[in-house]
There are 2 protein chains.
Amino acid sequence: MPGTPRVKAPQMAIRRLSMYYRTLAVLREQGVASVSSEHLSTLTGSTAAQVRRDLAYFGSFGRRGVGYDVESLQSHMRGILGIGEGWPMALVGVGNLGSALLAYDGFPRQGFRIVEAFDSDPRRVGTVIRDVVVKPMDQVRETVRERRIAMALLAVPAKAAQAVTEQLIDAGVRCLLNFAPISLKVPSHVYLASVDLSIEVEYLSYLLRESRAEDSASNDIRTDVTTMMPL
Amino acid sequence: MPGTPRVKAPQMAIRRLSMYYRTLAVLREQGVASVSSEHLSTLTGSTAAQVRRDLAYFGSFGRRGVGYDVESLQSHMRGILGIGEGWPMALVGVGNLGSALLAYDGFPRQGFRIVEAFDSDPRRVGTVIRDVVVKPMDQVRETVRERRIAMALLAVPAKAAQAVTEQLIDAGVRCLLNFAPISLKVPSHVYLASVDLSIEVEYLSYLLRESRAEDSASNDIRTDVTTMMPL
DNA sequence: AGGAGCTTGTGATATCTTTCACGTGGCAAA
DNA sequence: TTTGCCACGTGAAAGATATCACAAGCTCCT
Ligand SMILES: NC(=O)c1ccc[n+]([C@@H]2O[C@H](COP(=O)([O-])OP(=O)(O)OC[C@H]3O[C@@H](n4cnc5c(N)ncnc54)[C@H](O)[C@@H]3O)[C@@H](O)[C@H]2O)c1
Ligand SMILES: NC(=O)c1ccc[n+]([C@@H]2O[C@H](COP(=O)([O-])OP(=O)(O)OC[C@H]3O[C@@H](n4cnc5c(N)ncnc54)[C@H](O)[C@@H]3O)[C@@H](O)[C@H]2O)c1
C-alpha cells in the first residue's frame, strides 16, 4: 500500500469511494487506461478536489501531471472496500422485498452473495430462490455460526426487526443492513446501515414543498427567508 | 405558524424529522400526550440537543419546562414534510424491485401512493398489481402530465436509468427516487435521491475490514447510519 | 537539457454541522 | 405569591467536512 491514512476518513468519503469504484469499472470496460480527478469527478457528480481528497485519505494512488491508472486505482478501491472477498451474507425475511434482494444480481457482481435466507413463516420455509433454500428462524444461530456469516440483510416487518437483530448479533453477525422503517439499537461493535424509503420520499416531498413555497414568495408574508447567514 | 426558519436546515436535519415524525406516531398510538427532547432523542438514537436544534430550524413547537405536545408536534412535522397530501407517484420498471415497491404498504401509510406504473417489456404491460395497471413507456408523458405526477420511483436497470430519467423530467416530474446503481444527471430544478445498495454494503464491508485490521481501540459508538448522497 | 504544460497531494481556509451551556419561560405545590 | 424545578430555544464554541490554491512531480517537446 502506497500510503497510510493520516486522519479518519469521513463517512461520506467512504461512500463516495464506492461510486469511484463503480465508475472505474465502467472506464475499464471502455478500455480507458488513465483518468484524472477532473474526469472522475464529472462522471460521479463530485468535484475534482473532492475526489483527490477522498483518495488521499487512503494513500497516494495517482501520478502528478498524469492522473490515475484506472486498473490500479480500481484494484486499490477494491481492497479498501473489501470487494471481491466473497463475503457471504444472510437474508432474514423473504417477503416482497426479501425475494427481490435474493434475485438481485448486483450483489454477486460486487462480490457479495446471499448464501442463506430465513423466514418465520412456515409457508416460506423450504422454498428455493436462486439456489438458496429458505430456512426456519430456529436455524439462524447454528447456520450463521457455522458459515461464519458476518453480514446480514434485514427485510422483516418493523415490529419484528429489533428482535431479529438481536438474534443475528447473538449468532455472530457484525454488520447489518436494515430495510425496516425503524431505528435499531445495536451494541457498539456491530455496524448498522439503514435504507429507509420513508425518509427518502419525505425528504423529496419536503424539497418539493419548499421550492413551491419559494416560488410563491412574492405573495407571501414571509420576508425573512433569505435574510441572514450567521456572521 | 410559531416561527420561521432563520437559516437553511441541514439535509440531515430534514431526514431526522422523518424519524421524529414516525416516533411521534408511535407515541400517539401509545396514548403519550407529551414528550421531551430527551425522550425523543433516546427513541430515535439522536441527542436531546440535536432534537431541539432540528426542530428549531422550523419554529418553536415546544413549551419550556414541559416538552412537546405529541399531537401538535406530529402535525407540524406532517406539514413540513408534506405528508398526507396524497402525493401521487409513478413507478418505472416493474421487475423484481418494482413489484416489491408496488406491494409496499409503507408508502400509502405515509400518504404517498404509486398510482401509475410503466415498463418497456410488453410482457409486463397490462399486468395488474395492487390495482395499478402497468402501462407501456410511450404513455409516460401523457399520463404523468395528465395526473400531475411530481414524484417518480426509478427501478429500471442502470443502463436505462438516464434515458428514463430524461423522459420523466420531460413529462414534468420534479422529484426522483432512484434505485439503479448509477449517478444520474438531472437539471437543477429536479430533486434526486438515490438508494444505492452497493454503497451501503461496501460501506459496511469497509467498516468490518477496518475493525479487523486495527482490531485495537475502536470506540465507535454507532447507533444508526442512514443514507445520504448529495446531488 | 530545459521549459511548457499538466495533474496530483496537501496545507490553509471557508463552510457546514453538532454540541455545549445557560437564559428564559413555564408549571406545580406550598 | 413565592419557591423550586424543569425543559425549551439559542448564542457561542467545537468539531467535521469541503473547497481553494499552489508547490511538487511527471511527461513531452524542442
Ligand atoms: N416491499 C418493499 O418494497 C419495501 C421497501 C422498503 C422497505 N420495506 C420494508 O422491508 C420489510 C419487509 O417488507 P416486505 O414488503 O418484504 O414485507 P413482507 O410482509 O412481504 O415480508 C416480510 C417477511 O418477513 C417474515 N417475517 C415476519 N416476522 C418475522 C420474524 N420475526 N422473523 C423472521 N421473518 C419474519 C414474513 O414471514 C415475511 O415473509 C418491512 O419492514 C418493510 O417496511 C419494504
Ligand atoms: N432487485 C433488487 O433487490 C434491487 C435492489 C437494489 C437495486 N436494484 C436496482 O433496481 C433496478 C431494477 O432491479 P430489478 O431487480 O427489479 O431488475 P429487473 O430486471 O427485475 O427489472 C427491471 C425492469 O425494468 C424494465 N425496463 C428495462 N428497461 C426499461 C426501460 N428503458 N424503460 C422502462 N422499463 C424498463 C424491465 O422490463 C424490467 O421489468 C436495477 O437498476 C437494480 O440494480 C434492485
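Throughout, a chain's letter reflects where its sequence line sits, starting with A, and its residues are numbered from 1. Both backbone and side-chain heavy atoms feed into the values below; hydrogens, waters and symmetry mates do not. Here the structure is a predicted model, which is why all the values come from computation and not from measurement.
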*Which heavy-atom pair separates B:Val195 from B:Leu177 by the least distance, and what is that distance?*
CG2-CD1, 4.0 Å
_Separation of C:dC27 C1' from B:Asp69 CG (nearest whole Å)_ = 15 Å
_In this structure, how many angstroms lie between the C1' atom of D:dG15 and the CE atom of A:Met12, rounded?_
17 Å
*asked:* I need the minimum non-hydrogen distance between A:Tyr21 and A:Gln110, along with the two atoms involved.
replied: CE2-OE1, 3.5 Å
*Between CH2 of A:Trp87 and CZ of B:Arg209, what distance do you get to the nearest 0.5 Å?*
7.0 Å
*Does CD in B:Glu71 sit with more than 12 non-hydrogen atoms of other residues, nucleotides or ligands closer than 6.0 Å?*
no
*Spacing between B:Tyr57 atom OH and C:dT17 atom P, to the nearest angstrom*: 7 Å
*Taking only the side-chain nitrogens and oxygens of B:Ser60, find out if one of them lies under 4.0 Å from OP1 or OP2 of D:dC8.*
no
*Within the structure, does a side-chain N or O atom of B:Ser36 lie under 4.0 Å from either OP1 or OP2 of D:dA7?*
no
*Figure out the CZ/P separation between B:Arg64 and C:dA28, and round it to whole Å.*
18 Å
_A:Gln50 side-chain N/O to D:dT19 phosphate OP1/OP2 under 4.0 Å_ = yes
*Is the distance from OP1 or OP2 of C:dT7 to the nearest side-chain N or O of A:Ser37 less than 4.0 Å?*
no
*Contact class for B:Arg63 vs. all strands (heavy atom < 4.0 Å): base, sugar-phosphate, or nothing?*
sugar-phosphate
*Starting at the 5' end of DNA chain D, which residue's closest nucleotide do you reach first, A:Pro10 or A:Ala49?*
A:Pro10
*Would you mind reading off the distance between B:Ile14 atom CD1 and C:dT18 atom C1', rounded to a whole angstrom?*
16 Å
*How many Å lie between CG on B:Leu73 and C1' on D:dG9, as a whole number?*
14 Å
*Donor-acceptor side-chain pairing of A:Tyr206 and A:Glu202 below 3.5 angstrom*: no
_Earlier contact from the 5' end, DNA chain D, for A:Arg52 and A:Val66_ = A:Arg52
*Give the rounded distance in Å between these two atoms: NZ of A:Lys8 and P of D:dA16.*
8 Å
*For D:dG9, does OP1 or OP2 lie under 4.0 Å from any side-chain N or O of B:Tyr68?*
yes
*Report the nucleotide, chosen from D:dC22, C:dA12, D:dA12, that has the shortest atom-to-atom distance to any side-chain atom of A:Arg53.*
C:dA12
_Atom pair distance, as rounded to whole Å: CG in B:Leu17 and C1' in C:dT17_ = 15 Å
